[in-house]
Trainee: 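Here's a structure for you.
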Amino acid sequence: DYDVLTNPDAGGTCSFLQTITIPNIDVVFAELSWKDRIQSNDSFNPQGQQARVVLDSDMVWLTEADDAKVQIGPNFRSFDVTYFVSGNSSIALLFEQLSFDGFMNWNLDEISL
């Protein structure tokens, strides 16, 4: 498990990348899960204000324009990622925050695969 909090003092991108080695076994089921809290002073949009999770080059989750700007949570997020890990020796897991339109915090907790 990993825990992290973004707290930028200026606009930009915060990225957390981890390459994960997959054991050489037949994967029957794989789940990516985490808890988070998000606080943004502006609406979410893909060019300026967004939180997203990417597995290899595929988007697993992202904030949408109609999502609440403040999500105190903790919000539990969980996704079946069996397809991504089956037959692979490693995968790249990326948590990325764009905050060009205003203040934003993203607290990640209990990240697990």
Side-chain angles (χ1 to χ4, degrees):
D1 287 351
Y2 298 95
D3 305 318
V4 68
L5 169 66
T6 63
N7 192 19
D9 58 1
T13 303
C14 294
S15 299
F16 305 99
L17 175 67
Q18 177 70 50
T19 300
I20 301 168
T21 302
I22 307 300
N24 190 15
I25 59 171
D26 289 332
V27 176
V28 177
F29 179 74
E31 179 181 68
L32 171 64
S33 64
W34 70 92
K35 292 181 182 176
D36 67 23
R37 300 170 193 265
I38 300 174
Q39 296 183 54
S40 174
N41 70 347
D42 202 0
S43 297
F44 296 112
N45 68 80
Q47 291 78 32
Q49 201 83 343
Q50 187 177 63
R52 57 188 173 210
V53 179
V54 179
L55 200 51
D56 282 338
S57 60
D58 294 302
M59 191 78 63
V60 176
W61 175 85
L62 58 91
T63 51
E64 301 284 351
D66 59 348
D67 287 348
K69 295 187 291 184
V70 176
Q71 302 174 29
I72 295 300
N75 308 294
F76 181 75
R77 320 242 191 224
S78 174
F79 299 91
D80 179 352
V81 295
T82 308
Y83 168 81
F84 298 100
V85 300
S86 295
N88 287 316
S89 59
S90 66
I91 55 171
L93 175 60
L94 172 68
F95 287 82
E96 187 170 57
Q97 171 188 313
L98 303 177
S99 52
F100 292 101
D101 292 344
F103 174 82
M104 182 175 170
N105 284 115
W106 191 15
N107 178 212
L108 299 163
D109 193 12
E110 298 182 24
I111 301 167
S112 179
L113 176 65

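The figures that follow rest on heavy atoms only: side chains count, while hydrogens, waters and symmetry mates do not. One-based numbering along the sequence shown. Since this is a predicted model, take the numbers as computed values, not measurements.
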Trainee: Would a 4.5 Å heavy-atom cut-off, applied to side chains only, mark L62 and F44 as touching?
Mentor: no
Trainee: Is there a chain of hydrophobic side chains (I, L, V, M, F, W, Y, each step under 4.5 Å between heavy atoms) that links I38 to L98?
Mentor: no
Trainee: Rounded to the nearest 0.5 Å, what separates atom CD1 in I20 from atom CG in L17?
Mentor: 9.5 Å
Trainee: May I ask whether Y83 and W61 are part of the same hydrophobic cluster, defined by side-chain heavy atoms of I, L, V, M, F, W, Y residues being less than 4.5 angstrom apart, directly or through others?
Mentor: yes
Trainee: Could you give the distance from CG (D36) to CD (E110), rounded to the nearest 0.5 Å?
Mentor: 11.5 Å
Trainee: Can you measure from OG (S40) to CE (M104) and round to the nearest 0.5 angstrom?
Mentor: 5.5 Å
Trainee: Check W106 against V53 and note the closest heavy-atom contact, atom names and distance.
Mentor: CH2-CG2, 4.1 Å
Trainee: With a 3.5 Å distance limit and no angle check, can you tell me whether D80 reaches the backbone of T82 through a side-chain donor-acceptor pair?
Mentor: yes
Trainee: Contact between K35 and N75 at the side-chain level, heavy atoms closer than 4.5 Å - yes or no?
Mentor: no
Trainee: Could you tell me the separation between the CD atom of E64 and the CD atom of Q50, rounded to the nearest 0.5 Å?
Mentor: 7.5 Å
Trainee: Tell me whether D56 contacts the main-chain N or O of D58 through its side chain, where contact means a donor paired with an acceptor under 3.5 Å.
Mentor: no
Trainee: Is the backbone N or O of Q49 less than 3.5 Å from a side-chain atom of S99, with the two atoms forming a donor-acceptor pair by type?
Mentor: no
Trainee: If I take atom CG from residue N107 and atom CD from residue Q71, how far apart are they, to the nearest 0.5 angstrom?
Mentor: 12.5 Å
Trainee: Flag yes if F29 and L113 sit in one hydrophobic cluster, no otherwise; membership is Ile, Leu, Val, Met, Phe, Trp, Tyr, and two members link when side-chain heavy atoms are under 4.5 Å apart.
Mentor: no
Trainee: Is it the case that the side chain of N41 and the backbone of F103 share a donor-acceptor pair, with hydrogens and angles ignored and the cut-off at 3.5 Å?
Mentor: yes
Trainee: Would you say that L94 contacts F16 through its side chain, given a criterion of any heavy-atom pair below 4.5 Å between the two side chains?
Mentor: no
Trainee: Using 0.5 Å steps for rounding, measure from the CZ atom of R37 to the CG atom of N105.
Mentor: 12.0 Å
Trainee: Quick one, E96 and T13 - any side-chain contact, counting heavy atoms below 4.5 Å?
Mentor: yes
Trainee: Please tell me whether F76 and W34 form a close aromatic pair, meaning their ring centres lie under 6.0 Å apart.
Mentor: no
Trainee: Is there a path from V27 to F79 through hydrophobic residues (I, L, V, M, F, W, Y) whose side chains come within less than 4.5 Å of each other?
Mentor: yes
Trainee: So which heavy atom on P46 is nearest to which on R52, and how close?
Mentor: O-NH1, 4.3 Å
Trainee: Is there a side-chain contact between Q39 and I72, using heavy atoms and a 4.5 Å cut-off?
Mentor: yes
Trainee: Which of these, V81, L32, I22, sits in a side chain to side chain contact (heavy atoms under 4.5 Å, CB included) with I91?
Mentor: I22
